[in-house]
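Inspection log for the structure reproduced underneath, given as structure tokens.
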Protein chains: 2
Amino acid sequence: MESKVMSIGVVCELTGLSERQIRYYEERKLIFPERTKGGNRRYSFEDVKAIQDIYQKMQEGFNTLELKEMKKSKTPRCTPAFR
Amino acid sequence: MESKVMSIGVVCELTGLSERQIRYYEERKLIFPERTKGGNRRYSFEDVKAIQDIYQKMQEGFNTLELKEMKKSKTPRCTPAFR
DNA sequence: CGTGTAAGGAATTCTGACACG
DNA sequence: CGTGTAAGGAATTCTGACACG
């Protein structure tokens with residue numbers, strides 16, 4: 001499992017997100033796709049799930065930095081609406 | 001399951017076979033990858049398993065036509081060495 | 001901050017064919 | 001029959017930047 005086999009185009013289809021969004025999550029250190037020799041990204045199904053979670057949380061109002069911290073400490077948090 | 005998400009390059013890495021071999025199996029109607037709008041092939045993990053089985057059987061001496069018939073009628077066969 | 005986009009280039013894949021056998 | 005290869009083109013992906021906000 002955890003095999004990185006999908007190109008970004010497939011991930012876009014599976015998630016409904018844009019390449020820009022997916023690359024941005026990587027830029028913010030939220031996902032870690034592998035690279036081919038040529039430099040192309042390769043994602044796993046777990047990456048796809050992570051991407052969907054990230055997008056979900058962002059819809060709830062969290063920003064990428066908060067999401068990164070949530071990853072470290074798995075402690076529950078109030079939704080932004082209640083802070 | 002059965003999601004067609006891999007490009008041929010990834011399948012080559014996973015199987016150790018060449019693009020030529022993989023495309024040939026498709027030409028002989030042994031595997032059925034999907035296509036992107038642009039015409040690029042997309043394979044599933046089941047396709048990868050099928051490809052490995054095909055290669056295995058060919059190593060044993062079967063040709064592609066025999067393998068296609070084996071798919072239809074799941075009846076056991078003698079290996080080529082014993083025919 | 002998060003995302004769209006145009007720009008130019010590079011990696012990847014495609015088809016049809018010739019070759020060998 | 002099964003597979004390698006060179007050929008030319010097309011689809012896909014990449015980066016860095018400008019934009020808006």
Side-chain angles (χ1 to χ4, degrees), chain A residues 4-44 47-48 50-71 77 79-81 83, chain B residues 4-44 47-48 50-71 77 79-81 83:
Chain A
K4 308 272 190 176
V5 298
M6 288 174 272
S7 61
I8 196 165
V10 173
V11 178
C12 286
E13 290 178 9
L14 295 179
T15 62
L17 302 182
S18 67
E19 296 185 5
R20 187 70 164 92
Q21 290 173 297
I22 295 167
R23 294 201 192 100
Y24 183 66
Y25 297 168
E26 178 184 2
E27 183 183 322
R28 299 316 306 273
K29 310 291 186 186
L30 292 173
I31 53 176
F32 307 91
E34 287 182 352
R35 296 279 185 151
T36 62
K37 305 87 217 153
N40 283 22
R41 274 167 269 248
R42 288 288 177 265
Y43 303 85
S44 66
D47 286 327
V48 171
I51 289 168
Q52 293 172 324
D53 285 349
I54 292 165
Y55 181 71
Q56 174 64 38
K57 290 296 184 188
M58 287 180 68
Q59 287 297 300
E60 294 173 10
F62 294 100
N63 63 38
T64 55
L65 185 56
E66 292 171 321
L67 292 178
K68 184 154 56 176
E69 291 171 350
M70 283 173 71
K71 280 227 165 186
R77 304 261 170 147
T79 60
R83 285 179 305 187
Chain B
K4 309 272 188 175
V5 299
M6 286 175 273
S7 61
I8 196 165
V10 173
V11 178
C12 287
E13 289 178 11
L14 295 179
T15 64
L17 302 182
S18 68
E19 296 185 5
R20 187 70 165 91
Q21 290 172 297
I22 295 167
R23 293 200 192 101
Y24 183 67
Y25 298 167
E26 178 183 3
E27 184 183 322
R28 300 316 306 273
K29 311 291 186 185
L30 292 173
I31 52 175
F32 308 91
E34 288 182 352
R35 296 279 184 150
T36 62
K37 307 86 217 157
N40 282 23
R41 274 166 268 249
R42 286 290 177 264
Y43 303 85
S44 66
D47 287 327
V48 171
I51 290 168
Q52 292 172 324
D53 285 348
I54 293 166
Y55 181 71
Q56 174 63 38
K57 290 295 182 188
M58 289 180 67
Q59 287 298 300
E60 293 173 12
F62 294 100
N63 63 35
T64 55
L65 185 56
E66 294 171 319
L67 292 179
K68 183 153 57 175
E69 291 170 350
M70 284 173 71
K71 279 227 165 188
R77 305 258 170 147
T79 61
R83 287 178 304 186

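We use all heavy atoms of the structure for the numbers below, so side chains are in, but hydrogens, waters and symmetry mates are not. Residue numbering restarts at 1 for every chain, and letters A, B, ... go by the order of the sequence lines.
- At the heavy-atom level, Tyr55(A) lies nowhere under 4.0 Å from the strands shown.
- For Ser7(A), a side-chain nitrogen or oxygen approaches OP1 or OP2 of dT13(D) to under 4.0 Å.
- Taking side-chain N and O atoms only, Arg41(A) has no distance below 4.0 Å to OP1 or OP2 of dT13(D).
- Put simply, the side chain of Lys4(A) gets close to the backbone of Phe32(A): a donor and an acceptor are under 3.5 Å apart.
- Comparing Gln59(A) and Asn40(B) by the nucleotide of DNA chain C that holds the closest heavy atom to each, the one mapping nearer the 5' end is Gln59(A).
- Put simply, the residue from Thr15(B), Val5(B), Ile8(B) that forms a side chain to side chain contact (heavy atoms under 4.5 Å, CB included) with Tyr43(B) is Ile8(B).
- Nearest nucleotide to the Ser18(A) side chain, out of dG4(C), dG2(C), dT13(C): dG4(C).
- Out of dG2(C), dT5(C), dC14(D), the shortest distance to the side chain of Arg35(A) is found at dC14(D).
- Minimum atom distance to the side chain of Arg20(A) is reached by dC18(D), of the listed dC18(D), dT3(D), dT12(D).
- Taking a pair as Watson-Crick or G-U wobble with both distances under 3.5 Å, DNA chain D forms stems of 3 or more consecutive pairs at C:2-5 with D:17-20, C:17-20 with D:2-5.
- With rounding to the nearest 0.5 angstrom, the CG atom of Leu17(A) is 13.0 Å from the CZ atom of Arg23(A).
- Arg23(A) comes within 4.0 angstrom of a nucleotide base, judged by non-hydrogen atoms across all strands.
- Of all nucleotides listed (dT12(C), dT3(D), dG2(C)), dG2(C) comes nearest to the side chain of Asn63(A).
- Listed nucleotides: dG2(D), dT3(C), dC18(C). Nearest to the side chain of Tyr24(A): dT3(C).
- For the salt bridge (charged side-chain N to carboxylate O under 4.0 Å, His left out) criterion with Glu26(A), the lone passing option out of Arg42(A), Arg35(A), Lys68(A) is Arg35(A).
- Closest to the Met58(A) side chain, of the nucleotides dC14(D), dT12(D), dG2(C), is dG2(C).
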